[in-house]
Protein chains: 2
Amino acid sequence: MRPLNCCEIAHTEAVEDYLRVIFKLAGRGLPVTTSAVAEQVSVAPPTVSAMLKRLEASNLVARSAAHEISLTTHGERHAMGVTRRHRLVETFLVQVLGLTWDEVHTEADKLEHAISDRLEDRIDSVLGHPTHDPHGDPIPPRSGRHVEAWSVPLGGVAAGNRFRVQRVADDDSDALRYLGERGIRPGAVLEVVSREPFGGPVWVKVGARRHALGPILADVVHGEIA
Amino acid sequence: MRPLNCCEIAHTEAVEDYLRVIFKLAGRGLPVTTSAVAEQVSVAPPTVSAMLKRLEASNLVARSAAHEISLTTHGERHAMGVTRRHRLVETFLVQVLGLTWDEVHTEADKLEHAISDRLEDRIDSVLGHPTHDPHGDPIPPRSGRHVEAWSVPLGGVAAGNRFRVQRVADDDSDALRYLGERGIRPGAVLEVVSREPFGGPVWVKVGARRHALGPILADVVHGEIA
DNA sequence: TCCGAACATTAGCCTCATCTAACCCCATCT
DNA sequence: AGATGGGGTTAGATGAGGCTAATGTTCGGA
């Protein structure tokens, strides 16, 4: 094996997928483990082991003694590039092609690998250089600082508070559709009416309507106390 | 080997590329040979041999005794689908994202594999169901009849004729840029002033300007005598 | 009639990305 | 202490898609 050099690995779609997923897990403060990555990429754990070995050899990820996975500077730069394309595409699909916010994640998963730099710039410019995608996720700039900033989950807010939605996890398209139909999207302000104990729902008021959101839903909605 | 069934092959990007190239060569009336396909797909001839074997086994292409390659009904349907996405994307990139007609072929080569049916329909609808792409190539309908209709090349038109440009081959982006800068694009009407012999240029008049087009250029421009 | 060029195919090898089955390490519970 | 189980990894296989080098095959020209 020769000296570590990030350019020795092909920028295949698989590599981009793994990098984006690692970036996503890390950004949410979740443990970045072999099995977590396997689940997100939808492959078996040994497949991840093999890929991580290659990513490590190409200096894109680093691993501590305790199996801890993190992106190197190089790795993070690439991951942010893929994430930027992903989120720009999502925004584009909603704003220009009229798709709904629950449809775009799957589409963007494929398109993010097919967008050239030139195209990325055109899309960015047609959209007026957006800072956030339809789920409220911040779009990393082409170069420069970027923070993922996952704020408080709705599930952790006490009753009686007003809560401004900032981000909604884009993973679960059924959840997105459900929430969207009830007006729960970035920018919306909810009133947290009450919280049932023992994994029960959170009652929220959106405008005049009340909704009971189960723990799964309450966890995908993030924001701040307004 | 089991009975031939078109669905036994994965619809990978490579398969789509080969099908589209075979469709393109056949549509232009060019010989569809192993080496012609190899050149168009940018791979070595043995790679094409191997792929053709698979395509034949999946009933997507048929081959005569004399090595003649043709698409089956199934193969043609798939090829037309890929071609439709390719040309819709090209049109979209020009009309919505403001790319130039010499840039879009390369981009579409990647994007054509990443467009879902849903997305294809949205693009089609946003563009108002276009019938031709920016190079004048007809966009195959989602289903139904389609003809490729490569009419007369400019190189075969006698001096003294007026010539209406219908299609310009999208392969060579340098040629496209050169022609575009001189106003030679689908819809333009040229006057064929004179033809130099021995592979010399064709002199054409576009509006008030004259241009000498070498045999390569004169061959990529197709149309009809006006 | 024979020879060489052009073209297709076979043979043999490689990488990427995936799988299942088996194994190992370590923490925990009995 | 020993059994149990969860995660990670190794081993070994597979299929897609690509390569080069060698081997037909066929056809036109000398």
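Reckoned from all heavy atoms, side chains included, excluding hydrogens, waters and symmetry mates. Order of the sequence lines sets the chain letters (A, B, ...), proteins ahead of strands, with each chain counted from 1.
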Grab the N/O contacts between the protein and nucleotides 21-25 of chain D below 3.5 Å, and write none if there aren't any.
none

Exercise for the section: Whole angstrom is fine here: how far is it from OH in Tyr18(B) over to P in dG17(D)? Expected result: 8 Å

Handout entry: N/O donor-acceptor pair under 3.5 Å between Trp150(B) side chain and Gly29(B) backbone
Key = no

Exercise for the section: Could you tell me which residues satisfy salt bridge (Lys or Arg N to Asp or Glu O under 4.0 Å) with Glu76(A), sequence neighbours excluded, listed by chain and number? Expected result: none

Problem - Among dC19(C), dT10(C), dA17(C), the one nearest Val15(A) by side-chain distance - result: dA17(C)

Practice task
State whether Asp170(A) and Arg87(A) are salt-bridged, where the test is any N-O pair (Lys NZ or Arg NE/NH1/NH2 against Asp/Glu carboxylate O) under 4.0 Å.
Solution key: no

Exercise for the section: Check whether any side-chain heavy atom of Glu120(B) sits under 4.5 Å from a side-chain heavy atom of Arg142(B), and report yes or no. Expected result: yes

Problem - Any residue meeting side-chain contact (heavy atoms from CB on, under 4.5 Å) with Lys110(B), in chain and number order, not counting sequence neighbours - result: Ala114(A), Ser116(A)

Problem - Estimated bend of the helix from dT1(C)-dA30(D) to dT30(C)-dA1(D) (axis per five terminal pairs, rounded to 10 degrees) - result: 20°

Between the protein and nucleotides 6-8 of chain C, which nitrogen or oxygen pairs are less than 3.5 angstrom apart?
from, atom 1, to, atom 2, distance (Å)
dA8(C), OP1, Thr34(B), N, 3.1
dA8(C), OP2, Ser35(B), N, 2.9
dA8(C), OP2, Ser35(B), OG, 2.5
dA8(C), O3', His67(B), ND1, 3.4

Exercise for the section: Figure out the NZ/C1' separation between Lys53(B) and dG18(D), and round it to whole Å. Expected result: 14 Å

Can you name the atoms? Protein N/O to nucleotides 12-14 of chain C N/O, anything below 3.5 Å, with the distance.
none

Practice task
Using side-chain contact (heavy atoms from CB on, under 4.5 Å) as the criterion, list what pairs up with His113(A), not counting sequence neighbours.
Solution key: Glu13(A), Glu16(A), Asp17(A)

Exercise for the section: Within residues 108-117 of chain A, find the residues that approach DNA chain C with a heavy atom at under 4.0 Å, and present them sorted by residue number. Expected result: none

Exercise for the section: Report the residues that fulfil side-chain hydrogen bond (donor to acceptor under 3.5 Å, both in side chains) with Ser151(B), sequence neighbours left out, ordered by chain and then residue number. Expected result: Gln166(B)

Handout entry: salt bridge (Lys or Arg N to Asp or Glu O under 4.0 Å): pairs with one or both residues in residues 92-103 of chain A, sequence neighbours excluded
Key = Asp102(A)-Arg177(A), Glu103(A)-Arg118(B)

Problem - Closest nucleotide among dT20(D), dT18(C), dA17(C) to the Ala44(B) side chain - result: dT20(D)

Fill in the blank from the handout: Residues at least two apart in sequence or cross-chain that pass salt bridge (Lys or Arg N to Asp or Glu O under 4.0 Å) with Arg195(B), listed by chain then number, are none

Handout entry: Partners meeting side-chain contact (heavy atoms from CB on, under 4.5 Å) with Val220(B) (sequence neighbours left out)
Key = Val168(B), Ala169(B), Leu179(B)

